[in-house]
Participant: 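Input: one structure, supplied below.
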Amino acid sequence: MQKIQPVVGGVCKSTQGRDAGKYYLIKEVLPEGYVLVADGDGKKLAAPKKKSIKHLHLLPERVDTIGDKLISGARVFDSEVYSALKNYNAADVTPPQEGAE
């Protein structure tokens, strides 16, 4: 089994910390096992979160349009990142149970 390497524009899921279970887009790969991630909502591209790769589950998916823009230096909007991750983050939301309060 081949280990997935972090790439700019790649999708990842946080496995540790207060944000465990949340999906992010990789903005930048840093040396020594760190990446900068953003979700376009709580963590904007202007102030991304620094996460250790050990605390992330890297998915094989990559958002090519955003990744290519980030690599080339073109402007990327937070709304683009949010829209790209909307389906990932919505899938993990469990609806409230009836009668539970």
Side-chain angles (χ1 to χ4, degrees):
M1 186 170 135
Q2 187 177 3
K3 186 175 180 186
I4 300 172
Q5 295 297 318
V7 292
V8 174
V11 179
C12 60
K13 182 179 182 180
S14 175
T15 58
Q16 299 290 316
R18 196 178 304 176
D19 62 346
K22 190 161 181 77
Y23 287 89
Y24 290 103
L25 188 86
I26 298 174
K27 178 186 177 196
E28 186 178 338
V29 179
L30 301 174
E32 292 144 20
Y34 288 95
V35 293
L36 296 179
V37 295
D39 65 0
D41 185 30
K43 281 294 170 189
K44 308 281 186 179
L45 287 167
K49 182 174 186 132
K50 184 178 178 182
K51 292 282 283 185
S52 171
I53 295 172
K54 294 186 290 185
H55 298 160
L56 294 172
H57 173 69
L58 301 173
L59 299 172
E61 290 88 12
R62 179 178 186 265
V63 183
D64 293 325
T65 54
I66 297 175
D68 294 342
K69 280 182 169 182
L70 288 169
I71 291 170
S72 69
R75 180 143 188 203
V76 180
F77 295 97
D78 288 313
S79 59
E80 293 177 82
V81 176
Y82 180 78
S83 294
L85 296 174
K86 185 169 37 175
N87 291 334
Y88 292 99
N89 285 319
D92 274 2
V93 176
T94 56
Q97 300 294 323
E98 286 187 32
E101 293 186 24

Participant: Restricting to non-hydrogen atoms, name the atom on E80 and the atom on K69 that form the minimum distance, rounded to 0.1 Å.
Facilitator: OE1-NZ, 2.8 Å
Participant: Considering only NZ, NE, NH1 and NH2 on the basic side and carboxylate oxygens on the acidic side, decide whether K43 and D19 come within less than 4.0 Å.
Facilitator: no
Participant: Taking only residues two or more places apart in sequence, or in another chain, which ones meet K54 in a side-chain contact (heavy atoms from CB on, under 4.5 Å)?
Facilitator: S52
Participant: One thing to verify: whether R62 and D68 come together as a salt bridge, which I'm taking to mean a side-chain N less than 4.0 angstrom from a carboxylate O.
Facilitator: yes
Participant: Which pair of non-hydrogen atoms, one from G9 and one from L25, has the smallest distance, and what is that distance?
Facilitator: O-CD1, 3.3 Å
Participant: Calculate, to the nearest 0.5 Å, the distance between atoms CG and NZ belonging to N89 and K13 respectively.
Facilitator: 9.5 Å
Participant: Looking only at non-hydrogen atoms, find the nearest pair between L59 and Y23 and report the distance.
Facilitator: CD1-CE2, 3.5 Å
Participant: Measure from the side-chain N and O atoms of D41 to the backbone N and O of Y82, and report whether any donor-acceptor pair falls under 3.5 Å.
Facilitator: no
Participant: Measure across V37 and Y24 and return the closest heavy-atom pair with its distance rounded to 0.1 Å.
Facilitator: CB-CB, 3.6 Å
Participant: Closest heavy-atom contact between V35 and V29?
Facilitator: CG1-CA, 4.1 Å
Participant: Which pair of non-hydrogen atoms, one from P48 and one from L45, has the smallest distance, and what is that distance?
Facilitator: CD-O, 3.4 Å
Participant: Calculate, to the nearest 0.5 Å, the distance between atoms NZ and CD1 belonging to K3 and I53 respectively.
Facilitator: 7.5 Å
Participant: Short question: side chain of K51, backbone of Q16 - any donor-acceptor pair under 3.5 Å?
Facilitator: yes
Participant: Take L58 and I26 through the side-chain contact (heavy atoms from CB on, under 4.5 Å) test and state the conclusion after the steps.
Facilitator: CA-CA 10 Å; L58 301 173; I26 298 174; 3.9 Å; yes
Participant: What's the separation between atom CG in D64 and atom CD1 in I71, rounded to the nearest 0.5 Å?
Facilitator: 9.5 Å
Participant: S14 side chain to G21 main-chain N or O, any donor-acceptor pair under 3.5 Å?
Facilitator: no
Participant: Mind checking side-chain contact (heavy atoms from CB on, under 4.5 Å) for E28 and listing every partner two or more places apart, or none if nothing turns up?
Facilitator: L30, L36
Participant: Just how far is it from atom NZ of K86 to atom OG of S79, taken to the nearest 0.5 Å?
Facilitator: 10.5 Å
